Colleague: 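Would you mind keeping the following structure in view while I ask a few things?
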Amino acid sequence: MAESTEVRKLVYLVTGGCGFLGEHVVRMLLQREPRLSELRVFDLHLGPWLEELKTGPVQVTAIQGDVTQAHEVAAAVAGAHVVIHAAGLVDVFGRASPKTIHEVNVQGTKNVIEACVQTGTRFLVYTSSMEVVGPNIKGHPFYRGNEDTPYEAVHKHPYPCSKAQAERLVLEANGREVRGGLPLVTCALRPTGIYGEGHQIMRDFYHQGLRLGGRLFRAIPASVEHGRVYVGNVAWMHVLVARELERRAALVGGQVYFCYDESPYKSYEDFNMEFLGPCGLRLVETRLLAPYWLLMLLAVLNALLQWLLRPLLLYAPLLNPYTLAVANTTFTVSTDKAQRHFGYEPLFSWEDSRTRTIRWVRAMEGSAQ
Ligand SMILES: NC(=O)c1ccc[n+]([C@@H]2O[C@H](COP(=O)([O-])OP(=O)(O)OC[C@H]3O[C@@H](n4cnc5c(N)ncnc54)[C@H](O)[C@@H]3O)[C@@H](O)[C@H]2O)c1
Ligand SMILES: C[C@@H](CO)CCC[C@@H](C)[C@H]1CC[C@H]2[C@@H]3[C@H](O)C=C4C[C@@H](O)CC[C@]4(C)[C@H]3CC[C@]12C
């Protein structure tokens, strides 16, 4: 909890502050950053929940803006001490065009960096993604790897391409002179698949399960491990590293950190069942009914349909060749780099994370419980 004895003098800006992760970062900052005086929340779409935050000791400033517009970003950054850049277009389903993904994720990040340089903001945390590393298109497993594990990162899909480019820009900007003559200090956090309260894909799977009479069908072998991390712990890592960027600039500046916690290593579907199971869904084993070639055929068919229907409507199902490849390739991390560099320990145990997520699923409209 914030200690009232600390002097409140810092201004933070969170881009994408109304998204799934962004909202958790905003709430975590208000709870756990006692030096905060003003919190600017910048997003294309502002959430109504921001209003309830405006009554506390910290000034919460909601800024409706677009990261692709350099002047809007510069105006929001001016006077901020720290920027947490979490805004991004998260799309692996073909909803947005590759050009739009590039504009938001790459040009938007360039705009944030330039705004820091021009206005004299020294500390920048970038929300990157495990996808800048993999899984690669060759399906190579990344089994409990860390930030130094060699891996052939090959990107073709617009989303991982854009995140990799943006991350590189952020890391290259470390040490650049900002207005006033001091160096910019940057770092990038790479969450694996985030879960927790507000996770849209979990919501989609839950509703799909309800529509299918309380069942989901296993499509991915249980032996394929997929890295997951609780949103509260990802938010906590952002808050901690932002705080330590100043104190440990030489160590943390220019570094990348995977986001990790005590969440167990499981397949994507088995992991989801940790929450959906207690909410009344069951996972039906279908390995004999749905072999991999059939899933791939369905995924390719979905991609074809998306392309054919594009002039008429947006058809963007969860299953496509890319999502199937990601879900079907082991990618898990095992590291303590964040603990060694800036003292990170997960704030939420696995039990807490699980309980909170289950409570959120249960509270959803149309719950099976
Ligand atoms: N969800 C995951 O599993 C995951 C994993 C790793 C990394 N990430 C990264 O975390 C960040 C947040 O992801 P999320 O899951 O919360 O997604 P999200 O879509 O819920 O949040 C992104 C936010 O960015 C905002 N935004 C999008 N375009 C914008 C623009 N042009 N200008 C200003 N704001 C804009 C959106 O309105 C949204 O509120 C992203 O950078 C994403 O790449 C997410
Ligand atoms: C084959 C389906 C049958 O049940 C399952 C499809 C699941 C996919 C929709 C998801 C499997 C892995 C997810 C991705 C992963 O968790 C990491 C990500 C990184 C992040 O930066 C953005 C989101 C995502 C790409 C995430 C998207 C959904 C999956 C592909």
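Please read these numbers as outputs of a predicted model, since none were measured by experiment. Atoms within each ligand, like the ligands themselves, are counted from 1 in listed order. What you see below is based on every heavy atom in this structure, not just the backbone, and it leaves out hydrogens, waters and symmetry mates.
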Colleague: So if I count the atoms of ligand 1 from 1 in the order they appear, which ones are less than 4.0 Å from some heavy atom of Gly65?
Modeller: 32 (N), 33 (C)
Colleague: For atom 29 (C) of ligand 1, what is the closest protein heavy atom, and at what distance to 0.1 Å?
Modeller: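 Looking only at protein heavy atoms, the one closest to atom 29 (C) of ligand 1 is Leu44 CD2, 3.8 Å.
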Colleague: Please tell me whether Asn146 and Thr149 have a donor and an acceptor in their side chains that are separated by less than 3.5 angstrom.
Modeller: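 Judged by distance alone, the side chains do pair up.
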Colleague: Going by distance alone, is a donor N or O of one side chain under 3.5 Å from an acceptor N or O of the other, for Tyr315 and Asn302?
Modeller: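 Short answer, yes.
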Colleague: So that I know where these two stand, are Trp350 and Phe271 an aromatic pair - ring centroids less than 6.0 Å apart?
Modeller: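 Ring centroids of Trp350 and Phe271 are less than 6.0 Å from each other.
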Colleague: Looking only at distances, please establish whether an N/O atom of ligand 1 is found under 3.5 Å from an N/O atom of Thr68.
Modeller: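 No - when backbone and side-chain N and O of Thr68 are compared with those of ligand 1, no distance drops under 3.5 Å.
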Colleague: Does ligand 1 have any atom sitting under 4.0 Å from a heavy atom of Thr192?
Modeller: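 Per 4.0 Å heavy-atom rule, Thr192 contacts ligand 1.
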Colleague: For His24, what residues pass the ring-ring contact (aromatic ring centres under 6.0 Å, His included) criterion, not counting sequence neighbours?
Modeller: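 Expected list: none.
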Colleague: Taking the cut-offs as 6.0 angstrom to the six-membered ring centre and 45 degrees off its axis, would you call Arg144 and Tyr265 a cation-pi pair?
Modeller: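 Positive - Arg144 is close enough to the ring of Tyr265 and near enough to its axis.
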Colleague: Could you establish whether Tyr159 and ligand 1 come within less than 4.0 Å of each other, counting only heavy atoms on the residue side?
Modeller: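 So Tyr159 counts as touching ligand 1.
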Colleague: Centres of the Tyr344 and Tyr260 rings: under 6.0 Å?
Modeller: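 Centroid separation for Tyr344 and Tyr260: below 6.0 Å.
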Colleague: Ion pair present between Lys163 and Glu167, side-chain N to carboxylate O less than 4.0 angstrom?
Modeller: no
Colleague: Considering heavy atoms of the protein only, find what lies nearest to atom 11 (C) of ligand 1 and give residue, atom and distance to 0.1 Å.
Modeller: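 Checking every protein heavy atom, the shortest distance to atom 11 (C) of ligand 1 gives Ala86 O, 3.1 Å.
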Colleague: Could you list the residues that satisfy salt bridge (charged side-chain N to carboxylate O under 4.0 Å, His left out) with Glu114, not counting sequence neighbours?
Modeller: Arg176
Colleague: Side chain to side chain donor-acceptor pair (under 3.5 Å) with Tyr195: which residues, sequence neighbours excluded?
Modeller: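 Checked Tyr195 against side chain to side chain donor-acceptor pair (under 3.5 Å); matches are Ser263.
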Colleague: Give the residue, atom name and distance (to 0.1 Å) of the protein heavy atom nearest atom 20 (O) of ligand 1.
Modeller: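 Result: Phe20 N, 2.9 Å.
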Colleague: With the side chain counted from C-beta on, respond yes when Arg32 and Leu347 share a heavy-atom pair under 4.5 Å apart, and no when they do not.
Modeller: yes
Colleague: Could you check whether His199 and Phe20 have their ring centres less than 6.0 Å apart?
Modeller: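 Ring centres of His199 and Phe20 closer than 6.0 Å.
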Colleague: Examine the side chains of Asn111 and Gln107 and answer whether a donor and an acceptor come within less than 3.5 Å of each other.
Modeller: yes
Colleague: Present, as a list of atom pairs with distances to 0.1 Å, all nitrogen or oxygen contacts under 3.5 Å between ligand 2 and the protein.
Modeller:
unit_1   : atom_1 : unit_2 : atom_2 : d
ligand 2 : 4 (O)  : Glu269 : OE2    : 2.7
ligand 2 : 16 (O) : His226 : NE2    : 2.8
ligand 2 : 21 (O) : Ser129 : OG     : 2.7
ligand 2 : 21 (O) : Tyr159 : OH     : 2.5

Colleague: Touching ligand 1 at all, Leu89? Heavy atoms, strictly under 4.0 Å?
Modeller: no
Colleague: Looking only at protein heavy atoms, which one is nearest to atom 7 (C) of ligand 1, and what is the separation?
Modeller: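 Sorting protein heavy atoms by distance from atom 7 (C) of ligand 1 puts Ser128 O, 3.0 Å first.
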Colleague: Can you list the atoms of ligand 1 that are under 4.0 Å from a heavy atom of Val104?
Modeller: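 Going through ligand 1 atom by atom, the ones under 4.0 Å from Val104 are 28 (N), 31 (N).
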Colleague: So which of Ile63, Asp43, Ile201, Val67 gets nearest to atom 36 (C) of ligand 1, if we judge by its closest heavy atom?
Modeller: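 Result: the heavy atom closest to atom 36 (C) of ligand 1 is in Asp43.
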Colleague: Of Gly47, Gly88, Gly19, which has the heavy atom at the shortest distance from atom 24 (O) of ligand 1?
Modeller: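 Among Gly47, Gly88, Gly19, the closest heavy atom to atom 24 (O) of ligand 1 comes from Gly88.
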Colleague: Could you pull out the closest heavy-atom pair between Tyr151 and Asn136, with the gap in Å?
Modeller: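 Result for this residue pair: OH-N, 3.0 Å.
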Colleague: Relative to each other, are the rings of Phe342 and Tyr257 parallel, tilted or perpendicular (30° and 60° limits)?
Modeller: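 Judged by the thresholds at 30° and 60°, the geometry between Phe342 and Tyr257 is perpendicular.
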Colleague: What protein heavy atom is closest to atom 10 (O) of ligand 1, reported as residue, atom name and distance in Å?
Modeller: Thr127 CG2, 3.3 Å
Colleague: Of the protein's non-hydrogen atoms, which lies at the shortest distance from atom 41 (O) of ligand 1, and what is that distance?
Modeller: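 Heavy-atom neighbour on the protein nearest atom 41 (O) of ligand 1: Lys163 NZ, 2.8 Å.
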Colleague: What part of Val90, side chain, backbone, both or neither, has a heavy atom within less than 4.0 angstrom of ligand 1?
Modeller: side chain
Colleague: Going by atom types alone, do Gln165 and Arg168 pair a side-chain donor with an acceptor below 3.5 Å?
Modeller: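 No, no side-chain donor-acceptor pair sits under 3.5 Å.
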Colleague: If the contact criterion is a heavy-atom separation under 4.0 Å, does Cys18 count as touching ligand 1?
Modeller: yes
Colleague: Drop me the distance from Glu103's CD to Lys110's NZ, to the nearest 0.5 angstrom.
Modeller: 11.0 Å
Colleague: Compare Pro191, Gly196, Ala76, Cys259 and give the one whose heavy atom is closest to atom 6 (C) of ligand 1.
Modeller: Pro191
Colleague: Considering only protein heavy atoms, which is closest to atom 4 (C) of ligand 1, and at what distance to one decimal place?
Modeller: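 Going atom by atom, the protein heavy atom closest to atom 4 (C) of ligand 1 ends up being Ile194 CD1, 3.5 Å.
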Colleague: Look at atom 31 (N) of ligand 1 and say which protein heavy atom is nearest, naming residue and atom and giving the distance to 0.1 Å.
Modeller: Asp66 OD1, 2.8 Å
Colleague: With heavy atoms of Leu21 as the reference, note each atom of ligand 1 found under 4.0 Å away.
Modeller: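 Under 4.0 Å from Leu21, ligand 1 has these atoms: 10 (O), 16 (O).
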